[in-house]
Protein chains: 2
Amino acid sequence: MSNNQFKRGELYSVINGMATTAVARRLQKNFRNAGLDITIEQWSVLYHLWKEDGLSQLELGNRTFRDKASTTRLIDNLEKQELVIRVASKDDRRINLVYLTDIAKPLQQITYELANQTMNEALSNISKEEIEVVKNVFQRVYDNLTSKDLS
Amino acid sequence: MSNNQFKRGELYSVINGMATTAVARRLQKNFRNAGLDITIEQWSVLYHLWKEDGLSQLELGNRTFRDKASTTRLIDNLEKQELVIRVASKDDRRINLVYLTDIAKPLQQITYELANQTMNEALSNISKEEIEVVKNVFQRVYDNLTSKDLS
DNA sequence: TTATATTAGTTGCATAACTAACTATATGTC
DNA sequence: GACATATAGTTAGTTATGCAACTAATATAA
C-alpha cells in the first residue's frame, strides 16, 4: 500500500465525516434557535422549489441527490407540516408535481439569511480561490463516480 | 443579499449533498459487491480501532464525529455482528472499552484496499495540490464551527 | 461523610437514508 | 387492441442520526 494511497484513504474520513457534518449541524442548530421547525433535509427540498416551483418528485430527487424512496418520505413530512402539496400532473397521472404552500413561501428569506450567515461563519478566513478549488474538486469527484456506473 | 453570499449558499449544497454522498455510496457498493456485510458507518468505527484498539465509546465518538447516543447504537450493531466486544474498564466502571474480535481483524486489509480503490476512482485526475487545498479548507471549516460553540 | 455535581453510557422518540419489492399509469410492438 | 416493457411513486424492512431524559459510577465540596 503506497504512501499516496494511504493519504487518499485519510482524505475520505476528512471529506465524509468532519466538515460537512459540522456545517449541517450548525445550520440545523441555527434553524432551531430561530424557532424554525424544519430539518436541513426538508430545507434542501424547499430550496429547489423556491428556485422553481412545481417540480416532480423525481426531479426533486435528482436535484437533491436522493433516490425516489427518500424523496417520497421527505415530501410526506413536508406535506404533513403543510409546507408543500402534491398535485397529480394532468398530462401524466403517474407524476406528482410538488408545490409550495403559502406557509412555506415566507420561509425563503429567513432561511437564506441563516444559511448565508452559517456559511460566512464556516468560510471566514477561507479565500475565494480556495472555495473555487473545493467546488471544482467536488464536481469532478461526482463526475468520476457517476459517469461510469457499477450497478 | 450580496453576490458573494449567494455563492456561499450554493457551495453549501455542493459540499453537503453531492460529492461526499457519491463517495459514500460508491464505497458502500464496493463493500457489498465484495460480499462484505458492513456499513460504511460501522467501517469508520473499525477503522479507528484498527489504528488503536480498546478505545472508549466516547473517544470513538470524538474520532468519528458522532454523539454518544449514535456511538452506542453503532457499537450495539457491531457487537451483534460479533465484530467488537465491550469490556468495562477496571479503573472506571462507567467506561466501556471497545475491542476488535478475531472476526473483525482480517477485514482490515480487504476494506483498506476497497477504500483506496474507491478513492483512486474518485480522485483520478485530481492533483495532490488540489487535495491538499480541500483537506486544509475542511479542517479550517471544522475549526471555525467548533471553536466558538453556540450550544 | 454525606450531599451535589459531573461524566459515560443507554433509551425513547422523531427524521432520514438505501434496497428491494410492489402498484399504477404510459408507451411500444406485433 | 393486447401483451410486454418502462416509468413515477409508494411501502416494508434495516441502519443511522440527533436531542432529551434517564441511570449508574465517580469526583468534588460542605
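Protein chains get the first letters and strands the later ones, always in sequence-line order, with residue 1 at the start of each. Here the structure is a predicted model, which means the values were calculated and not measured.
- The CG atom of B/L55 sits 11 Å away from the P atom of C/dG9 (whole-angstrom rounding).
- Taking both residues in full, the closest heavy atoms of A/D37 and A/Q42 are given as O-OE1, 4.3 Å, listed atom of the first, atom of the second, then distance.
- Look at CD1 on A/I40: it is 11 Å from C1' on C/dT15, rounded to the nearest Å.
- Between the CD atom of A/E41 and the C1' atom of D/dG18 there is a distance of 10 Å, given to the nearest Å.
- Side-chain atoms of B/T72 lie closest to C/dG9 of the nucleotides D/dA16, C/dG9, C/dA16.
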Inset, instruction - Apply the test salt bridge (Lys or Arg N to Asp or Glu O under 4.0 Å) to residues A/R86 and A/D76: give CA-CA distance (whole Å), side-chain angles for both, the deciding distance (0.1 Å), then the verdict. - result: CA-CA 9 Å; A/R86 288 171 161 105; A/D76 285 347; 2.9 Å; yes

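- We find that CG of A/L46 is positioned 15 Å from P of C/dT15, with the value rounded to whole Å.
- Looking at residues 77-85 of chain B, you'll see B/N77 sit with a heavy atom under 4.0 Å from some atom of DNA chain D.
- At a threshold of 4.0 Å, the pair A/E59-A/R63 counts as salt-bridged, since one of the basic side-chain nitrogens sits closer than that to a carboxylate oxygen.
- With a 4.5 Å cut-off on side-chain heavy atoms, A/R140 and B/E130 count as touching.
- Annotation: side chain to side chain contact (heavy atoms under 4.5 Å, CB included) contacts of B/Q108 (sequence neighbours excluded): B/W50, B/Y112.
- Note on B/T39: a side-chain N or O is less than 4.0 Å away from OP1 or OP2 of D/dA16.
- A/L78 pairs with exactly one of A/I85, A/V98, A/V84, A/T101 by the side chain to side chain contact (heavy atoms under 4.5 Å, CB included) rule, that one being A/V84.
- The pair B/D67-A/R25 fails the salt-bridge criterion, with no side-chain N (NZ, NE, NH1 or NH2) lying under 4.0 Å from an Asp/Glu carboxylate O.
- The side chain of A/L58 has D/dA8 as its nearest neighbour among C/dT10, C/dT15, D/dA8.
- By the 4.5 Å heavy-atom criterion applied to side chains, A/W43 and A/T39 are not counted as neighbours.
- With hydrogens and angles disregarded, no donor-acceptor distance shorter than 3.5 Å links the side chain of A/R66 to the backbone of A/T71.
- Contact check, A/Q28 against C/dT15: no side-chain N or O comes under 4.0 Å of OP1 or OP2.
- The distance from atom CG of A/D76 to atom P of C/dA16 is 10 Å, rounded to the nearest whole Å.
- In this structure, A/N96 atom CG and D/dA8 atom C1' are separated by 8 Å, rounded to whole Å.
- At whole-Å resolution of the value, CD in A/Q57 and P in D/dT7 are 17 Å apart.
- Atom-to-atom, CD of B/E59 to P of C/dT7 comes out at 15 Å; the value is rounded to the nearest Å.
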Legend entry - Sequence-aligned protein contact record of nucleotides 18-28 of chain C, with B where the base is within under 4.0 Å of a protein heavy atom and S where only the sugar-phosphate is: BBB----BS--

